[in-house]
K.L.:
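Once you've had a glance at the structure underneath, I'll fire off some questions.
Please read these numbers as outputs of a predicted model, since none were measured by experiment. For ligands, and for the atoms within them, numbers begin at 1 and follow the listed sequence. Only heavy atoms go into these numbers, but all of them, side chains included; no hydrogens, no water, no symmetry mates.
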Amino acid sequence: MNPTEHIWMDGELVPWESATVHVLAHGLHYGTGAFEGIRAYETPKGTAVFRLTDHMDRLRRSAKALGIPFGYEVEELVDAVKLVLRSNGLKSGYVRPITFYGTGSMGLNPAGAGVHMVIAAWEWGAYLGEEGIQNGIRVAVSSWRRIGHNAFMPDAKGTGGYMNSVLAKSAAIKAGYDEALLLNEDGLIAEGSGENLFMVRKGVVHTPPTSAGALDGITRDSVYSLLSEDGYEIKETQVTRTDLYYADEVFFTGTAAEVTPVREVDDRDVGDGKPGPVTRRAQELYMGTVKGELDLHPEWLEYV
Ligand code: PPE
């Protein structure tokens, strides 16, 4: 990770090294926080942050669901992100807003702990490798189940829930795969450790619903619209592990992962083991849109 110059912390820019938190912060002990992952791209009209307002609105929603006080207007945070990008001279990059409980209270009840809001940005290349974007990645169904709606909130981006993703990701890497695929308690596909899943079978594109334990991904929503507007039949469907073994194409979507083809599931080739035409089209449409080369959804680009 390459440090940048400034991080925005509770309303002001501070030097990267000074953006620190006390070791007794509530969020550190209990995972009481919410975060976002956003990307900014260089476009012909200058740097644009992709669906910035939608990301900040999801942060507000996550905090609301988790009961964390949110002392900002979404617009103020949108401006803060632009300031962070400008002050660091970043033409493109990854933006990480996070809100969490700080010090002032120990024990599970967070009342009395201050709430912080931080926005950092840095350059971040292909999340699952450039090779993965080109030729696809190898994934395996995890022995860890995706956190369920009875115990936590898979569709809120709460920091504590990510221990579930970390366990699944680490086990997958240790076993020699690139990424983990998580089932929910009913054995249906939820999502990857940090990505949503799409599957193509008999010409129809499917993605699991949020009720199956998937995050309401903004890339998922974007790719859904782009493919649908491009004429593809696409729907939210419950997807089983076997569906993936029979699928013609599988791909992941996410801010960090963008559109990453999956070439193997559980040591079985997906289709003929190479990224298929729908996956390629999704990549073209998505990357063309975020980079402002296609003018399909100009409202998604928020210029710095
Ligand atoms: N599911 C999970 C669990 C998830 O973390 C992400 C984003 C997605 C789906 C896709 O959501 P969206 O980015 O709105 O399309 N994961 C973020 C963090 C990854 C990380 O390693 O940290 C991201 O992609 O920025």
K.L.:
Using distance alone, determine whether Thr255 and ligand 1 share an N or O pair under 3.5 Å.
P.N.:
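Yes, Thr255 has an N/O under 3.5 Å of an N/O on ligand 1.
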
K.L.:
Does ligand 1 have a heavy atom under 4.0 Å from the side chain of Leu215, from its backbone, from both, or from neither?
P.N.:
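For Leu215, only side-chain atoms sit under 4.0 Å from ligand 1.
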
K.L.:
Check contact between Arg96 and ligand 1, using heavy atoms of the residue and a distance below 4.0 angstrom.
P.N.:
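Judged by the 4.0 Å heavy-atom criterion, Arg96 does count as contacting ligand 1.
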
K.L.:
Identify the protein heavy atom lying closest to atom 6 (C) of ligand 1, giving its residue, its atom name and the separation to 0.1 Å.
P.N.:
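In this structure, atom 6 (C) of ligand 1 has Gly194 O, 3.3 Å as its nearest protein heavy atom.
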
K.L.:
Regarding Glu249 and Thr279, is there a side-chain donor-to-acceptor distance under 3.5 Å anywhere?
P.N.:
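Yes, because at least one side-chain N or O of Glu249 sits under 3.5 Å from a partner of the opposite role on Thr279.
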
K.L.:
Among all protein non-hydrogen atoms, which one is nearest to atom 15 (O) of ligand 1, and what is the separation to 0.1 Å?
P.N.:
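Nearest neighbour among protein heavy atoms for atom 15 (O) of ligand 1, to 0.1 Å: Thr219 OG1, 2.5 Å.
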
K.L.:
Where's the contact between Ser193 and ligand 1, heavy-atom distance under 4.0 Å: side chain, backbone, both or neither?
P.N.:
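Backbone only.
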
K.L.:
Would you say His206 and Glu236 are linked by a side-chain donor-acceptor pair, where the criterion is simply a distance under 3.5 Å?
P.N.:
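Note: Glu236 and His206 side chains miss the donor-acceptor criterion.
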
K.L.:
What I want to check is whether the side chains of Tyr303 and Lys82 have a donor and an acceptor closer together than 3.5 Å.
P.N.:
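Checked: Tyr303/Lys82 side chains show no N/O donor-acceptor pair below 3.5 Å.
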
K.L.:
Can you name the atoms of ligand 1, numbered from 1 with element, that are less than 4.0 Å from a heavy atom of Ala256?
P.N.:
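Those of ligand 1 that fall under 4.0 Å from Ala256 are 23 (C), 24 (O), 25 (O).
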
K.L.:
Side chain or backbone, does Trp124 bring an N or O within less than 3.5 Å of an N or O on ligand 1?
P.N.:
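Not met; the criterion fails.
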
K.L.:
With respect to Ile38, determine whether any N or O atom, backbone or side chain, lies less than 3.5 Å from an N or O atom of ligand 1.
P.N.:
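For ligand 1, there is no N or O atom that lies under 3.5 Å from one belonging to Ile38.
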
K.L.:
Distance only, no hydrogens: is a donor on one side chain within 3.5 Å (strictly under) of an acceptor on the other, for Asp266 and Tyr177?
P.N.:
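The answer is no; no qualifying pair exists.
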
K.L.:
Which atoms of ligand 1 sit under 4.0 Å from any heavy atom of Tyr162?
P.N.:
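Counting atoms of ligand 1 from 1, those under 4.0 Å from Tyr162 are 2 (C), 3 (C), 4 (C), 5 (O).
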
K.L.:
I'd like to check which ligand 1 atoms, numbered from 1 as shown, lie under 4.0 Å from a non-hydrogen atom of Gly217.
P.N.:
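Those atoms are 11 (O), 12 (P), 14 (O), 15 (O).
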
K.L.:
Run the numbers for me: atoms of ligand 1, each under 4.0 Å from some heavy atom of Tyr94, listed by number.
P.N.:
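Listed by number with element: 17 (C), 18 (C), 23 (C), 25 (O).
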
K.L.:
Is there a polar contact, in the sense of an N or O pair closer than 3.5 Å, between Glu191 and ligand 1?
P.N.:
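Yes, Glu191 has an N/O under 3.5 Å of an N/O on ligand 1.
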
K.L.:
Does any donor atom in the side chain of His22 or Thr103 lie under 3.5 Å from an acceptor atom in the other side chain?
P.N.:
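Short answer, no.
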
K.L.:
In Å, rounded to the nearest 0.5 Å, how long is the span from CG of Leu197 to CZ of Phe251?
P.N.:
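Between atom CG of Leu197 and atom CZ of Phe251 there are 8.5 Å.
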
K.L.:
Do you see a donor-acceptor pair shorter than 3.5 Å between the side chains of Thr253 and Glu195?
P.N.:
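Their side chains do not contain a donor-acceptor pair, so the 3.5 Å distance test is not met.
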
K.L.:
Tell me yes or no: between the side chains of Arg146 and Asn164, is some donor less than 3.5 Å from an acceptor?
P.N.:
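Yes.
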
K.L.:
Do Glu302 and Thr53 have side-chain N/O donor and acceptor atoms under 3.5 Å apart?
P.N.:
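Judged by distance alone, the side chains do pair up.
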
K.L.:
Considering only heavy atoms, which of Lys157, Glu195, Glu258 lies nearest to atom 7 (C) of ligand 1?
P.N.:
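Checking each option, the heavy atom nearest atom 7 (C) of ligand 1 is found in Lys157.
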
K.L.:
Would you mind listing which atoms of ligand 1 come within a distance below 4.0 Å of any non-hydrogen atom of Gly37?
P.N.:
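Checking each atom against Gly37, I get 25 (O).
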
